[in-house]
Every structure is written in C-alpha cells, then in structure tokens.
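As structure tokens, the structure follows; a few thoughts come after it.
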Amino acid sequence: MDRSSTVTAIRSWFADNARDLPWRRPEATPWQIMVSEFMLQQTPVARVLGPWQAWVDRWPEPAALAAAPTGDAIRAWGRLGYPRRALRLHAAATAITDRHDGQVPDDHDQLLALPGVGAYTAAAIHAFAFGGTAPVLDTNVRRVLLRLSSTTALPPAHITRAERDQAADWAPDHRPDQWWAAAMELGALVCTARTPDCTSCPVASACTWLAAGQPPPDQPRRGQAWVGTDRQCRGALMAVLRSHDGEVYTDELAAAWQDGAQRERCLASLVADGLIVVTDVGHRLP
DNA sequence: GAGGCGTGGGC
DNA sequence: TGCCCAAGCCT
C-alpha cells in the first residue's frame with residue numbers, strides 16, 4: 001500500500017467512523033472550535049463535552065469572555081485540570097477583542113501569537129476553523145505516522161524539525177484539514193497508545209510497527225510524579241477555592257493540605273500565576 | 001530543552 | 001492495585 005492509498009484508506013475510514021463531536025459540526029464557529037482546542041490540551045474528549053457546552057453557551061463570543069472576571073473562567077473550567085489554561089483562554093479572548101475586532105483571526109501567525117496557543121493549537125484552529133494547511137501534529141497523529149513508518153511504538157516527548165517535515169509530506173493537496181482530523185481520530189479510537197485495535201485498523205497492512213510484531217516502547221517513560229508534589233497540593237487548594245463563592249479562610253485551606261511550608265509555597269505560586277488573590281482573611285478566586 | 005503544570009478513567 | 005495516558009504550553 002503506497003502512501004497515497006494509505007491516506008485515502010484513513011480518510012475513508014474517517015468518513016464512516018468519525019465521532020459526532022459538537023465542535024466538528026458545520027455550524028461550529030471559530031470561537032467554539034478554539035475553546036475546544038484549549039480544553040482538549042491534555043484532556044480526553046469525554047471530559048470536555050460538558051464544560052465545553054456550558055462555556056460556549058455562557059460566552060458565545062470572545063468579547064463576552066473577555067468582559068467576565070478571570071475567576072468566572074476558572075470556576076467554569078471545573079475539574080478539567082491545568083486551570084492555567086482557563087486564564088490563557090481568557091487572555092486570548094481579551095487579545096482577540098482588543099487586536100482583532102473580536103473575531104478569531106484566520107491567520108496562522110496571529111493565532112500562534114495568542115496566549116496559550118502553541119504550534120499544535122494554532123495549526124488545529126487554522127485547519128478546522130478556516131481550512132488551513134499547516135500540519136496538525138498532536139500526540140495521536142504523531143503516533144499513527146510513527147507506527148506506519150517505523151518500528152517505534154510511541155513518539156518522544158518533544159517534536160523535532162525532522163518529524164514535522166516528514167509529517168508535512170503526508171498531507172494531501174485536497175482538504176488537508178480532513179486528513180489531519182482523520183489521522184487524529186484513528187489515533188484516538190484505534191491506534192491508541194496502550195492497547196491498539198489493529199484488527200480494526202484500515203491500514204494495518206501498511207503498518208511497519210505491526211509488521212515488526214508491535215515492539216513495546218524502548219524505555220518505560222518516567223511516570224508523572226504525583227503524590228506529595230506541588231501539583232497535587234495546588235490542585236487540592238484550587239478545589240477548595242473553586243467550591244466557594246467568595247473568600248476562603250486560611251484555616252480552611254490549612255485543612256486541605258497539611259504540610260504548612262508546601263501549602264504556603266503553593267499558595268504563593270497560585271497567586272503569582274493569577275489563579276487566586278490574597279484577601280484580608282485568606283484567599284479567593286480573582 | 002527539560003521539567004512543571006491537574007484530573008480522572010482504563011487496564 | 002498502581003501505573004499510564006490524555007487534541008500541549010510555557011519558561
């Protein structure tokens with residue numbers, strides 16, 4: 001199976017198997033697509049659906065979000081994780097309101113300049129909202145292309161220039177946005193990281209990794225440390241603060257995390273990040 | 001450029 | 001049961 005046939009087979013599979021996600025519907029606006037891309041950074045689709053709908057209902061355009069306090073955005077973010085993304089989305093909405101007349105820019109470099117928008121998100125918004133052609137290289141697409149063309153199970157943590165150039169060679173001339181969406185969906189539903197369903201894969205016969213006997217990842221990747229970390233501490237503190245409308249007394253935060261020195265350090269870092277503010281008696285969302 | 005940054009589900 | 005992973009970004 002040559003490359004062109006592989007691309008065609010994946011696109012055909014996508015036509016039959018794509019999930020009906022609200023931000024993929026024809027009526028989805030660039031802003032709705034942009035909100036979905038922020039929420040989907042490191043967060044599974046299933047957990048995004050609810051908060052996304054509530055978010056776009058409440059703030060149907062960037063200017064509406066920009067007019068709200070950042071604390072409202074943080075609370076609406078709920079338990080999606082990485083709440084700094086809520087701040088960055090708010091900051092991006094403000095920038096769009098100030099610099100782009102309230103319209104999500106259709107220019108790739110202007111997208112890339114927005115807070116919280118990196119290489120992936122800029123390419124994704126550009127492709128899915130405006131038909132842009134930059135390679136949309138998320139972890140799914142990277143894994144699919146890597147397995148098709150090598151005996152390596154999982155992509156490395158960081159993208160190299162070479163990987164980006166090679167990925168760009170896969171894009172067809174016609175509707176490359178649909179190709180990237182198709183490759184992404186195949187990675188999300190079939191060519192998954194842990195237990196790929198190769199028997200359901202439309203391009204199994206073209207897969208180098210499968211032909212090599214599905215060799216496992218070289219080195220076990222170091223797991224994300226969690227218990228006792230500042231990340232866990234910050235999460236526990238933010239959960240308490242999200243659950244209150246106003247101020248939270250210092251004792252209540254102390255009950256949420258025993259280690260006083262770590263608690264103070266994390267509170268300070270949350271203040272520095274703009275996720276919380278200091279009050280007379282404790283802290284609150286901004 | 002290596003590491004920090006949430007949260008929860010699946011195996 | 002723990003461990004791994006998830007549509008990354010920023011410093």
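Side-chain atoms are counted along with the backbone in the values below, which use heavy atoms only and exclude waters and symmetry mates. Convention: sequence-line order gives letters A, B, ...; per-chain numbering from 1. Note that the structure is predicted; figures quoted are calculated from it, not measured.
In this structure, A:Q103 places its CD atom where only 12 or fewer heavy-atom neighbours from other residues, nucleotides or ligands lie under 6.0 Å away.
If you check the side chains of A:T195 and A:D197, you find no donor sitting under 3.5 Å from an acceptor.
Residue A:R24 has its side chain nearest to C:dA7 when only C:dA6, B:dG6, C:dA7 are considered. Checked against C:dA7, B:dG10, C:dC9, the side chain of A:T121 finds its nearest nucleotide in C:dC9. Nearest to the side chain of A:R47, among B:dG6, B:dG10, C:dA7, sits B:dG6.
With rounding to whole Å, A:Y82 atom OH is found 14 Å from C:dC10 atom P.
Across all strands shown, A:T139 has heavy atoms under 4.0 Å from sugar-phosphate atoms exclusively, and none from any base. Contact annotation for A:T229: no contact, since no heavy-atom pair falls under 4.0 Å across all strands. When heavy atoms are screened at a 4.0 angstrom cut-off, A:W180 is found touching no nucleic acid atom at all.
Annotation: proximity of residues 239-262 of chain A to DNA chain C (heavy atom, distance under 4.0 Å) is found for no residue.
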Considering only distance and modelled atom types, tabulate donor-acceptor pairs under 3.5 Å from the side chains of residues 113-133 of chain A, sequence neighbours left out.
from   : atom 1 : to     : atom 2 : distance (Å)
A:Y120 : OH     : A:E37  : OE1    : 2.8
A:T121 : OG1    : A:Q41  : NE2    : 2.9
A:H126 : NE2    : A:D106 : O      : 3.1

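The residues A:D20 and A:R25 are annotated as salt-bridged, a charged nitrogen and a carboxylate oxygen being separated by less than 4.0 angstrom.
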